[in-house]
Amino acid sequence: MKKGSETAKKGMDQMQKGGVIMDVTTPEQAKIAQEAGAVAVMALEKVPADIRAGGGVARMADPEVIKNIIDVVTIPVMAKARIGHFVEARILESLGVDYIDESEVLTPADDFYHIDKNKFTVPFVCGARNLGEALRRIGEGAKMMRTKGEAGTGNVVEAVKHMRTVMDDIRKVKNMPDDELMTEAKNLGAPYELLKEVKQLGRLPVVNFAAGGVATPADAALMMQLGSDGVFVGSGIFKSGDPEKRAKAIVEATLNYDNYDTLAKVSAGLGEAMVGINVSNLEGNDRLQERGW
Ligand SMILES: O=C(CO)[C@H](O)[C@H](O)COP(=O)(O)O
């Protein structure tokens, strides 16, 4: 299969379906993630909870750290670039990462334009809060989506809201007469051809993972039951009392999301969960989900 071909780009996300992708900041954390059964790791400088706490401008991680992470794991390595920062994305591509996340968790480099992802060989994942936003990113070339949630809060409420919104939007389009589609495309700000595809498929044309605030095995199972194809977990693992144990438990819970005996078993004795934040107290710049459009 030719590197960078449409099939290769879409194929990788299919392999990750039903799995957990873990944010990691060091090679040691990457090894823990792989050992726990993560289907991929996401390299970044700080997990979102630490980005919130630290303030300032959050950028692409140090290429040396990314290379070291690539060297120690055999699972795919993803890395984050700032929204609109096509040079950071080109650097990540040249490092040989398997996927780029054009992420609202980092400080946006461009308030108006996202990266033209169709121009790249490496596939991209992007965040969205609703169907229109997801289809705009797919129109730009994203090969995988994730609902945004509110990263770094340890609070699943926004992840739930965004997954329910995307799924509701899809159900509405699926049941819509063809002659209403163009108006719906205008209302959503979504490319018409992609909306037609959603109607035919009854789902997004790429896989859609849940992200932002998943902190427990039950959270991961909840997102799967709401229709997610897999989950991203960042702060919830490495800001908890026992990352190894929690990482394994979240992988098990994602795989067995409707088996309550397994969920009860893997949820027990995990030690301290990350301290969460009440999302309704967040304002302005602290609401990472509002970055991008
Ligand atoms: O964009 C992301 C996917 O890697 C975020 O890092 C992810 O949403 C993690 O958020 P959290 O720290 O709340 O789990």
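The structure presented is a predicted model; accordingly, all values stated were derived computationally and were not measured. Indexing begins at 1, ligand by ligand and atom by atom, following the structure's order.
Between R137 and E140 there is a salt bridge, with a side-chain nitrogen of the basic residue lying less than 4.0 Å from a carboxylate oxygen of the acidic one. Between E102 and R82 no salt bridge is recorded (no basic side-chain N to carboxylate O distance below 4.0 Å). Salt bridge E28/K31: absent, no basic N to carboxylate O contact under 4.0 Å.
Ligand 1 is approached by K80 to a heavy-atom distance shorter than 4.0 Å. Distances shorter than 4.0 angstrom occur between a heavy atom of R146 and an atom of ligand 1. Between G212 and ligand 1 there is a heavy-atom distance shorter than 4.0 Å. Ligand 1 lies out of reach of V47, whose nearest heavy atom is not under 4.0 Å from it. At least one heavy atom of G213 sits less than 4.0 Å from an atom of ligand 1.
Interface of S103 with ligand 1, defined as ligand atoms under 4.0 Å from a residue heavy atom, comprises 1 (O). Listed by number with element, the atoms of ligand 1 under 4.0 Å from a non-hydrogen atom of A211 are 8 (O). Set against the non-hydrogen atoms of M42, the atoms of ligand 1 under 4.0 Å away are 4 (O). In summary, the atoms of ligand 1 found under 4.0 Å from a heavy atom of F232, numbered by their order in the structure, are 3 (C), 4 (O). For ligand 1, the atoms closer than 4.0 angstrom to any heavy atom of V233 are 14 (O).
In this structure, a donor-acceptor pair under 3.5 Å is absent between the side chains of E104 and Q289. Between the side chains of D219 and T216, at least one donor N or O sits under 3.5 Å from an acceptor N or O.
Of the protein's non-hydrogen atoms, D23 OD2, 3.4 Å is the one closest to atom 9 (C) of ligand 1. For atom 12 (O) of ligand 1, the closest heavy atom belonging to the protein is S235 OG, 2.5 Å. Of the protein's non-hydrogen atoms, the one nearest atom 14 (O) of ligand 1 is G234 N, 2.8 Å.
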Could you pull out all donor-acceptor pairs under 3.5 Å where a side-chain atom in residues 66-73 meets a protein atom, sequence neighbours excluded?
{"residue": "N68", "atom": "ND2", "partner": "E64", "partner atom": "O", "Å": "3.3"}

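Every residue was checked against the ring-ring contact (aromatic ring centres under 6.0 Å, His included) condition with F238, not counting sequence neighbours, and none meets it.
In terms of modelled atom types and a separation under 3.5 Å, the side chain of Q34 and the main chain of I75 share a donor-acceptor contact. Distance alone, capped at 3.5 Å, is enough to place a donor-acceptor pair between the D169 side chain and the L131 backbone.
Considering both main-chain and side-chain atoms, P48 never comes within under 3.5 Å of ligand 1 through any nitrogen or oxygen pair. At least one N or O atom of G152, backbone or side chain, sits closer than 3.5 Å to an N or O atom of ligand 1.
Comparing A210, A151, G149 by heavy-atom distance to atom 10 (O) of ligand 1, the nearest is A151.
Minimum heavy-atom separation, H162 to A128: CB-O, 4.3 Å.
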